[in-house]
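Take a look at the structure set out below.
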Amino acid sequence: MQYTSTRDKNLHLTGSQAIAQGLSPEGGLLVPENFPHLSAEDLDGLKRVSYPERAARVMSLFLDDFSEEELKDFSDRAYSRFDTPTVTPLRILNGNTFCLELWHGPTCAFKDLALQMLPLLLTSALQKNGEDRKAFVLAATSGDTGKAALEGFRDVDRTKILTFYPQNGVSRIQKLQMVTQEGNNVGVCAVDGNFDDAQAGVKRLFTDPEIAARLDDKGFFLTSANSINWGRVLPQIVYYVSVYCQLRKAGAMPPDGHMNVCVPTGNFGNILAAYYAKKMGVPIGKLICASNSNNVLTDFIKTGTYDRNRTFYQTISPSMDILVSSNLERLLFDLSGEDDALIAGYMDQLSRDGKYTVTEEITAKIQDQFEAGFCDENMTRLTINSMWWDVNYLVDPHTAVAFQVLGRYRDRTGDESPAVVVSTASPYKFCGSVLEALGASGVANGGAELIGKLQNLTEVPAPAPLADLADREIRFTGCVEPDEMAGPVLEMLS
């Protein structure tokens with residue numbers, strides 16, 4: 001299995017090289033040159049094994065320079081820190097609506113599924129490629145990636161990790177999780193801007209020759225913990241394979257049936273993983289892309305024009321407060337017939353003009369597989385409220401967006417196929433917003449103390465990793481302008 005770049009098909013890397021490198025030198029994203037197929041027999045076999053075993057088997061199809069024994073060991077270690085043996089429990093809400101909970105890991109967000117695995121893959125990749133330098137891991141976060149990456153790489157040998165987050169663009173709980181992070185190799189810094197500013201700044205650092213030289217002089221090289229790294233996307237494919245196995249095992253889907261999936265997404269990595277699972281043979285019908293008021297993806301899927309030149313909204317679902325969805329590039333590469341020159345042109349237009357329009361053929365292919373919708377702030381709150389009082393199910397704002405978008409899709413199309421809503425974070429990461437939606441007062445400026453208040457109101461236990469947040473020491477208080485992000489990198493090096 002070889003990997004190439006979305007902007008340069010002349011590049012050919014092994015799986016371990018792709019994971020270690022993170023981003024292609026010209027700025028493209030690394031993708032497999034082909035996708036393995038899972039037959040009905042393969043899927044039936046995966047239905048009978050544990051989640052770590054499924055993960056090892058699926059990843060081995062893409063990483064043939066890792067042994068199955070290595071990957072099984074990595075899986076066992078990565079998923080041992082989840083609070084349920086099923087790792088990704090599936091909640092049945094009614095006969096044809098299911099919720100896949102991806103937040104039972106150490107940081108209570110779906111990013112744990114990949115970021116407990118990535119450090120193990122990365123350190124092994126360094127050894128396989130005879131890399132003597134250490135890895136300096138950079139991450140930009142809209143809330144959940146940062147903490148998950150910090151926790152995954154905490155005190156991992158031969159690594160340093162630095163996470164940038166938008167100063168006013170994450171929840172109070174998410175910020176507390178990051179600024180109190182323990183570990184001798186970690187750093188956290190706010191950016192005076194939004195997530196797109198932080199993400200663009202990280203990408204600039206990757207292509208800055210002066211930074212590369214300074215890092216090399218200190219015995220480091222840059223790599224990424226964001227979903228631009230294939231080592232982030234691959235473990236996410238696993239849970240879409242797994243949820244099909246879970247549905248079949250529960251008798252909730254016939255052998256010849258299919259499932260729709262509704263995914264709250266901002267950077268497009270989570271729903272891209274579902275697309276790849278479908279491409280591999282998992283019987284997924286519609287891929288329903290759910291956005292908040294920053295509905296750039298909804299407009300793109302409906303029109304074929306991607307336009308980030310619009311008002312940016314800070315919402316109660318901050319992990320989707322994104323106007324530049326990096327992983328969309330991988331989808332376009334695939335649907336264009338791997339036309340690297342075309343994709344490079346689109347990305348150049350986006351950088352230069354803030355917009356691009358894909359061909360009619362690509363638009364038609366997207367609309368054949370994807371549906372899209374968005375949910376404003378008021379409707380997000382109403383959905384949190386109705387899910388609790390009517391269904392007795394507590395959801396965070398991102399998951400509420402997905403439930404609302406799924407409902408509208410069904411009302412519009414009449415499609416009542418089994419549907420899986422992907423729940424990306426514990427409601428306790430967004431206590432203030434959830435409490436307000438449930439009718440509580442006096443919570444607007446609250447912090448970690450709101451965890452107890454939400455628990456008292458709902459009697460739903462708070463996840464253990466969040467219970468003691470109020471008692472942790474704040475370690476990181478820095479904030480920089482977007483064009484000053486090199487400073488914290490150089491400071492960590494020294």
Side-chain angles (χ1 to χ4, degrees), residues 20-23 25 27 107 111 115 118-119 122-123 126 131-170 172 174-229 231-232 318 324 326 469 472-494:
Q21 192 164 304
L23 190 69
T107 76
K111 306 297 176 73
L115 283 165
L118 179 60
L122 178 60
T123 52
L126 298 182
E131 177 60 75
D132 295 327
R133 294 174 298 172
K134 301 174 184 178
F136 196 111
V137 183
L138 282 183
T141 184
S142 54
D144 290 329
T145 289
K147 174 60 180 179
L150 291 162
E151 188 65 26
F153 280 95
R154 181 182 68 175
D155 293 328
V156 170
D157 191 37
R158 300 183 64 196
T159 68
K160 286 182 182 289
I161 178 167
L162 175 59
T163 290
F164 291 99
Y165 70 93
Q167 171 76 332
N168 297 310
V170 300
R172 289 177 177 270
Q174 287 174 313
K175 181 176 179 178
L176 269 175
Q177 283 187 291
M178 288 186 283
V179 299
T180 60
Q181 176 65 47
E182 298 176 345
N184 294 320
N185 65 333
V186 303
V188 178
C189 186
V191 174
D192 189 11
N194 59 39
F195 170 76
D196 291 327
D197 296 322
Q199 181 170 246
V202 164
K203 288 182 177 179
R204 283 195 301 273
L205 291 173
F206 268 91
T207 56
D208 186 329
E210 182 179 346
I211 291 293
R214 295 285 293 273
L215 284 160
D216 187 64
D217 185 57
K218 294 286 188 178
F220 284 89
F221 71 97
L222 276 184
T223 191
S224 174
N226 282 94
S227 54
I228 56 176
N229 191 315
R232 270 283 308 278
V324 180
S326 290
L469 260 184
R472 297 182 194 171
E473 176 191 359
I474 293 176
R475 298 183 61 200
F476 304 101
T477 58
C479 181
V480 297
E481 296 295 323
D483 59 358
E484 298 173 345
M485 290 169 60
V489 174
L490 299 176
E491 185 177 343
M492 276 193 76
L493 281 176
S494 61

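Keep in mind that what you see is a predicted model, and the values were worked out from it rather than measured.
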- Message: Can you confirm whether more than 12 heavy atoms, excluding those of E481, are under 6.0 Å from its CD atom?
- Response: yes
- Donor-acceptor pair, N185 side chain versus F153 backbone, under 3.5 Å? yes
- Over all atoms of both residues, closest heavy-atom pair of A486 and I211: CB-CD1, 3.7 Å
- Query: With side chains defined as the heavy atoms from C-beta onward, is the minimum distance between V202 and S224 less than 4.5 Å?
  - Reply: no
- Message: What's the separation between atom CE in M492 and atom NZ in K218, rounded to the nearest 0.5 Å?
- Response: 13.0 Å
- Take T223 and N229, measure what side-chain contact (heavy atoms from CB on, under 4.5 Å) needs, and give me the verdict at the end. CA-CA 8 Å; T223 191; N229 191 315; 3.7 Å; yes
- Is there side-chain contact between L469 and T180, with heavy atoms separated by less than 4.5 Å? yes
- Query: Can you tell me if E473 uses its side chain to pair, donor with acceptor, with the backbone of R475 under 3.5 Å?
  - Reply: no
- Message: Closer than 3.5 angstrom, by distance alone: can the side chain of N184 be matched with the main-chain N or O of D155 as a donor-acceptor pair?
- Response: no
- If every non-hydrogen atom of K111 is compared with every non-hydrogen atom of A148, which pair is closest and at what distance? CB-CB, 3.6 Å
- Message: Has R232 got a side-chain atom pairing as donor or acceptor with L115's backbone, closer than 3.5 angstrom?
- Response: no
- Message: With heavy-atom distances below 4.5 Å as the criterion, would you say the side chains of P488 and L162 are in contact?
- Response: yes
- Item | Side-chain heavy atoms of Y165 within contact of T145, under 4.5 Å | no
- Message: If you compare all heavy atoms of V191 against all heavy atoms of A198, which two are closest, and at what distance to 0.1 Å?
- Response: CG2-CB, 4.2 Å
- CD (E182) with more than 12 external heavy atoms under 6.0 Å: no
- Query: Do L126 and F221 come close enough that some side-chain heavy atom pair is under 4.5 Å?
  - Reply: yes
- Task: For atom CZ of R158, decide whether the heavy atoms of other residues, nucleotides or ligands shown that lie under 6.0 angstrom number more than 12.
- Result: yes
- Note: A20 and L122 closest approach over all heavy atoms is CA-CD1, 3.7 Å
- Query: How far apart are the C-alpha atoms of L150 and I161, what are their side-chain angles, what is the distance that settles it, and do they pass the side-chain contact (heavy atoms from CB on, under 4.5 Å) test?
  - Reply: CA-CA 7 Å; L150 291 162; I161 178 167; 4.1 Å; yes
- Closest non-hydrogen contact found for A225 with A149 is CB-CB, 3.9 Å
- Do the non-hydrogen side-chain atoms of F195 and V170 ever get within less than 4.5 Å of each other? no
- Taking N226 for its side chain and A140 for its backbone only, find out whether a donor-acceptor pair lies under 3.5 Å. yes
- Between Q167 and K175, is any pair of side-chain heavy atoms under 4.5 Å apart? yes
- Message: I'd like to know if the side chain of S326 pairs up with that of Q199 as donor and acceptor (distance under 3.5 Å, no hydrogens or angles considered).
- Response: yes
- Tell me yes or no: between the side chains of K147 and Q181, is some donor less than 3.5 Å from an acceptor? yes
- Query: To the nearest 0.5 Å, how far apart are CZ in F136 and CG in L205?
  - Reply: 9.0 Å
- Item | Rounded distance [0.5 Å steps], CG in L176 versus CZ in R472 | 9.0 Å
- Note on the structure: Heavy atoms of D208 and E210 approach each other most closely as OD1-N, 2.9 Å
- Item | Any L493 side-chain heavy atom under 4.5 Å of L215 side chain | yes
